There are 4 protein chains.
Amino acid sequence: MFELDIRSRKPIYEQLVERLKELIITEVLKTDEQLPSVRTLAQQLTINPNTIQKAYRELEIQGYIYSIKGKGSFVSPANDSQNTEKLLKVKNDLMKLLSEAMYLGITADELIEVIKEVHASIGGGIENDQN
Amino acid sequence: MFELDIRSRKPIYEQLVERLKELIITEVLKTDEQLPSVRTLAQQLTINPNTIQKAYRELEIQGYIYSIKGKGSFVSPANDSQNTEKLLKVKNDLMKLLSEAMYLGITADELIEVIKEVHASIGGGIENDQN
Amino acid sequence: MFELDIRSRKPIYEQLVERLKELIITEVLKTDEQLPSVRTLAQQLTINPNTIQKAYRELEIQGYIYSIKGKGSFVSPANDSQNTEKLLKVKNDLMKLLSEAMYLGITADELIEVIKEVHASIGGGIENDQN
Amino acid sequence: MFELDIRSRKPIYEQLVERLKELIITEVLKTDEQLPSVRTLAQQLTINPNTIQKAYRELEIQGYIYSIKGKGSFVSPANDSQNTEKLLKVKNDLMKLLSEAMYLGITADELIEVIKEVHASIGGGIENDQN
DNA sequence: GTGGTCTAGACCACT
DNA sequence: GTGGTCTAGACCACC
């Protein structure tokens, strides 16, 4: 469920935040569902509880979850602004990466192929025009 | 020309690398053109020369520039030998990012728009659709 | 353990990189084993920590070690994904060097001897001749 | 005749030294043959005369050439110790590179192939066993 | 405690 | 004057 890469240069807590965001956005974790407790998760992932704490705090700040003292942490109701904000960021990143790919000489065919591959592996989620 | 955010969590040298890459990709800086000298740029940005050094070194490793002791730093030609492997990496990143975008529900129209925008800002470098 | 020549024309950090690579290749330092901390090693060698840093960073780029903030630096597993391209580069270098050796009149016997020596000091890692 | 790589990280004068050594060892430049004058070569390669000077001085120190004031620079008589010394260095480098290749998992077959390729492109210069 | 970034200032090698 | 290396010492982020 959580594929943490201990060797990555990206801090563990950031990996956790990203992964949990993804689970929330894709609604694997549904609104008001309880997240695993800090200690449980720490034990499961053999990771320092402080690290989990930090991830949860970050998620709370960003509005993805809310915590109730003595009870635990829960998924916040979906918020459109979250999604659109993220989409904007992703589109921006996409532009940067596309620029780089084009500079390096990616061909239109290759580009199409990449898109098709992704499209197949996801299986829709993108409205397609004619196929 | 260089908008550095000294307070950002992103290290200054990384910001520099990104910005310079952008200038090279968009061909504001052209092949074999000389970059500002380490010291000059350092003075201009009121930043330590070592920091500029680090950025230039990183760009050299990534193949975007080459430096010659006693002469200066210059933009590498776009079609280098190591390009193939770099393209492979970028294509991989592209797939990840596209997956994410599709998960978040990017529409085909938006995607096309992004591609067109990039295409316009670079001005070819990708074999195109209808000429 | 580390014989650094402070007077050599070769930068200290490069000497460090070479030496550490050697230790990793000969498996004196084994996969996931922790390297001495930047500060510790700096003190031991009476060298500035930044210099050690630079060496470690270089080794990380080359894929021989990985570093985790707050934890330390560790030996990367030998068979990494990026291995193929590295092998290609090394094979190329090997060809150049072999050409030079042959020009200088190295004999087949000497060549075989070199290969055997290396083979012995590593102890396999190459599928071998007769077993 | 001189393929200098202006973009290489290796200083130009070193490239010159290496190239000239090679020409002398392979006897393209024969004993007591006159080398091109500093100015001529500088003009030919569109390089600063000082750089040529430095290369010639280095070659003189290493005993590959001798200079006569007012006449020019000439190839020194072949010296066995030069060759053997260089061979030793090359063998050492070969060992390092082979170690690395093996660590990266080069197979015996690949190694043999590399050797054969070089052998073919040189066309002997190595005493061969059976073919 | 660990790695990572940055500064200020020095020195060297190369052109 | 250029890039490149090194030091001494500071501060931050992470675990």
Side-chain angles (χ1 to χ4, degrees), chain A residues 6 8-16 42 45-55 58, chain B residues 4 6-16 34-42 45-60 65-74, chain C residues 4 6-16 34-42 45-60 65-74, chain D residues 6 8-16 42 45-55 58:
Chain A
I6 188 78
S8 162
R9 295 184 58 78
K10 187 173 295 182
I12 292 180
Y13 89 96
E14 271 190 33
Q15 292 184 46
L16 260 174
L45 305 176
T46 56
I47 272 182
N48 192 313
N50 289 329
T51 307
I52 313 279
Q53 261 301 7
K54 190 162 185 182
E58 181 68 20
Chain B
L4 295 182
I6 198 72
R7 279 181 230 116
S8 162
R9 293 174 48 84
K10 186 173 292 181
I12 296 177
Y13 86 95
E14 275 188 28
Q15 294 181 45
L16 264 172
Q34 183 162 8
L35 299 171
S37 89
V38 170
R39 288 161 174 79
T40 308
L41 193 52
L45 305 177
T46 56
I47 272 180
N48 190 294
N50 283 329
T51 307
I52 311 281
Q53 259 286 23
K54 199 168 179 180
Y56 277 19
R57 173 75 176 132
E58 182 68 23
L59 283 167
E60 188 170 8
I65 71 172
Y66 60 93
S67 298
I68 305 177
K69 250 197 269 200
K71 296 208 67 174
S73 299
F74 307 84
Chain C
L4 296 182
I6 199 71
R7 279 180 231 117
S8 162
R9 293 174 47 86
K10 185 172 294 178
I12 296 179
Y13 86 95
E14 275 189 28
Q15 294 181 45
L16 264 172
Q34 182 162 7
L35 299 171
S37 89
V38 171
R39 288 161 174 79
T40 308
L41 194 51
L45 305 177
T46 55
I47 272 181
N48 191 293
N50 283 329
T51 306
I52 311 282
Q53 259 285 28
K54 199 167 181 182
Y56 277 19
R57 175 73 177 133
E58 181 68 24
L59 283 168
E60 189 170 8
I65 71 172
Y66 60 93
S67 297
I68 306 176
K69 251 199 268 199
K71 296 209 67 176
S73 299
F74 308 84
Chain D
I6 188 78
S8 163
R9 296 183 58 77
K10 188 173 295 181
I12 292 180
Y13 89 95
E14 271 189 32
Q15 292 183 46
L16 261 174
L45 305 177
T46 57
I47 273 181
N48 191 313
N50 288 331
T51 307
I52 313 278
Q53 261 300 7
K54 192 163 184 182
E58 181 67 21

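Per chain, numbering begins at 1; letters A, B, ... match sequence-line order. Remember, predicted model here, so these are calculated numbers, not experimental data.
Nearest-nucleotide positions on DNA chain E for C/Q34 and B/E14 put C/Q34 closer to the 5' end. With DNA chain E read from its 5' end, the first of the two nearest nucleotides for B/I47 and C/V38 is the one closest to C/V38. Judged by closest nucleotide on DNA chain F, C/I6 is the one of C/K69 and C/I6 placed further toward the 5' end. With DNA chain F read from its 5' end, the first of the two nearest nucleotides for B/R39 and B/N50 is the one closest to B/R39.
Looking at heavy-atom distances under 4.0 Å, A/Y13 makes contact with sugar-phosphate atoms alone, never a base.
The structure places CG of B/L4 at 6.5 Å from CD1 of B/I12, a figure rounded to the nearest 0.5 Å. To the nearest 0.5 Å, atom CD1 of residue C/I65 and atom CD of residue C/E58 are 10.5 Å apart. A distance of 7.5 Å separates OG in B/S67 from CG in B/L35, rounded to the nearest 0.5 Å. Annotation: the span from A/N48 atom CG to C/K71 atom NZ amounts to 9.0 Å, rounded to 0.5 Å. Interatomic distance, NZ of C/K54 versus CZ of B/R57, reported as 7.0 Å (0.5 Å rounding). To the nearest 0.5 Å, atom CG of residue A/L45 and atom OG1 of residue A/T51 are 10.0 Å apart.
Atom-to-atom, CD1 of C/I68 to C1' of F/dC15 comes out at 10 Å; the value is rounded to the nearest Å. Here F/dC14 presents its P atom at 13 Å from CG of A/L16, a figure rounded to the nearest Å.
Helical stems in DNA chain E, defined as runs of 3 or more consecutive Watson-Crick or G-U wobble pairs with donor-acceptor distances under 3.5 Å: E:1-14 with F:1-14.
No donor-acceptor pair closer than 3.5 Å links the side chain of B/Q15 to the backbone N or O of B/I6.
Once you apply a 4.0 Å limit to the heavy atoms of chain C, the touched nucleotides of DNA chain E run 5' to 3' over E/dG1 to E/dC14.
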field: Derivation of the salt bridge (charged side-chain N to carboxylate O under 4.0 Å, His left out) call for D/R9 and C/E14
entry: CA-CA 14 Å; D/R9 296 183 58 77; C/E14 275 189 28; over 6 Å; no
